[in-house]
Amino acid sequence: MPVPVSPASSGSRLELWLLDPQGVDEAQLRACEAALAADEQQRAQRFLVESARRQFVMARALLRHALSRQAQVAPRDWIFGANPFGKPHVAHPEHARLLSFNVSHTHGLVACVVAPPGVEVGIDVECRARELDFPGLAEQLFSAQERTRLAQLEGESAREYFFAIWTLKEAYTKARGTGLRYPVESVTFELDGASGVRCSDRATPWQFLRLRPTAMHTMAVAVQATHPPECSLTWVSPDGLPRV
Amino acid sequence: MNADAILAVIRRCARDVMPQLEQCELGADDSLQALGATSMDRMEIVVSVLEALALDIPRVETFGPRTLGELAALLHEKLRFR
């Protein structure tokens, strides 16, 4: 599926991996689950809602697939840890510990990004079809400038703007490793055309990608880099996911 | 309003935001994560609960609790000292 990706330039290379969860049947899901580590299988069993369990299993299977394309490690052999805010990282094998990745999933899409070693990266994907209290959520997370802009928009334009800003904020805070505990209302994102982004945080060099991988989904990637990253995007078929 | 009543508000708001929870029991020991709430779901639930309770607290304070019961207890404390 063709997706507009920011023009490649000098800088670090990002690998984006996408999976349509609706294409995964029960046998493929069981195979994915069997390929996860024991702690991930236990975590999967703790989900009280089947759709949530499915998304978690597919996200971890996609992540293992993506990481194993970067390093000579079997999908089953990755061991993950997490920082105090829950952001996962590679704990084993030792030689791949600095590989940077992030995962996001929503209704109808699972996404994973892998960045070169030591490069902080975050990704968020959201389904635009859902009904939300846009002003209420913006009150919590948007800057005054962003709230003013949202209030000027109506209908589909307001929806597009809200999801673009939300995904940028979430990708940014995930890249920073804190998630939405970060005071993200203090950071302003300005959209520039169909894919450009300006961020008020100039203390650290960040680059942002805005993507629409499907007609229903908005996706953003934040990466710590001084130049727009070279980027590849791959849709993974269910048969391509790791299995044991 | 006691913590049980606040828990009932949280359950109602969670089901409003996530209709797939309609058939779930939603116990005090359940976490929003185990219920499959994304960060957007979580924020939407918290916003609607705070609105229903007419409570205005920084969102960062709502990140501590891990379970629905812990969130209800936190909001109960905030209401008591409002």
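Within every chain, numbering begins at 1; the chains are lettered A, B, ... in the order of the sequence lines, protein sequences first and strands thereafter.
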Please flag which part of Gln55(A) lies under 4.5 Å from any non-hydrogen atom of chain B: side chain, backbone, both or neither. neither
Heavy-atom contact with chain A under 4.5 Å, split by part of Leu26(B): neither
Between Arg181(A) and Phe63(B) the two heavy atoms that sit nearest each other are NH2-O, 3.4 Å
Strictly below 4.0 Å, N to O, side chains only: are Arg130(A) and Asp41(B) in salt-bridge contact? yes
Heavy-atom closest pair (Val47(B) atom, Asp133(A) atom, distance to 0.1 Å) is CG1-OD2, 3.9 Å
Tell me, side chain or backbone of Glu51(B) under 4.5 Å from chain A's heavy atoms, or both, or neither? side chain
Contacting region of Phe163(A) [heavy-atom separation from chain B under 4.5 Å]: side chain
Correct closest heavy-atom pair for Ala52(A) and Gly36(B) would be CB-CA, 3.3 Å
How close do Leu48(A) and Cys24(B) get, heavy atom to heavy atom, and via which atoms? O-SG, 4.1 Å
Residue part contacting chain B, namely of Arg53(A), when any heavy atom lies under 4.5 Å: neither
So, taking the atom named NE2 in His105(A) and the one named OG1 in Thr38(B), what distance separates them when rounded to the nearest 0.5 Å? 8.5 Å
What part of Glu50(A) is in contact with chain B, defined as an atom under 4.5 angstrom from a non-hydrogen atom: side chain, backbone, both or neither? neither
At a heavy-atom separation under 4.5 Å, does Val17(B) approach chain A through its side chain, its backbone, both, or neither? both
Part of Tyr182(A) lying under 4.5 Å from any heavy atom of chain B: backbone
Could you check whether atom NE2 of His107(A) has more than 12 heavy atoms from other residues, nucleotides or ligands sitting under 6.0 Å from it? no
Within this structure, what is the CE-CD distance for the pair Met43(B) and Gln140(A), rounded to the nearest 0.5 Å? 6.0 Å
Would you indicate whether Glu154(A), at its atom CD, is surrounded by more than 12 heavy atoms from other residues, nucleotides or ligands within a distance under 6.0 Å? no
Could you check whether atom CG of Asn2(B) has more than 12 heavy atoms from other residues, nucleotides or ligands sitting under 6.0 Å from it? yes
So, taking the atom named CG in Leu132(A) and the one named CE in Met40(B), what distance separates them when rounded to the nearest 0.5 Å? 5.5 Å
Check the surroundings of atom CD in Gln152(A): do more than 12 heavy atoms from other residues, nucleotides or ligands lie under 6.0 Å from it? yes
Sidechain N-carboxylate O distance under 4.0 Å for Arg59(B), Glu185(A): yes
Within 6.0 Å of CG in Asp39(A), more than 12 heavy atoms from elsewhere: yes
Does CZ in Arg198(A) sit with more than 12 non-hydrogen atoms of other residues, nucleotides or ligands closer than 6.0 Å? yes
Is there a side-chain contact between Gln33(B) and Arg43(A), using heavy atoms and a 4.5 Å cut-off? yes
Considering non-hydrogen atoms only, spot the tightest contact between Val49(A) and Gln20(B) and give its length. CG1-CG, 4.0 Å
How long is the span from the OG atom in Ser39(B) to the CH2 atom in Trp166(A), to the nearest 0.5 Å? 5.5 Å
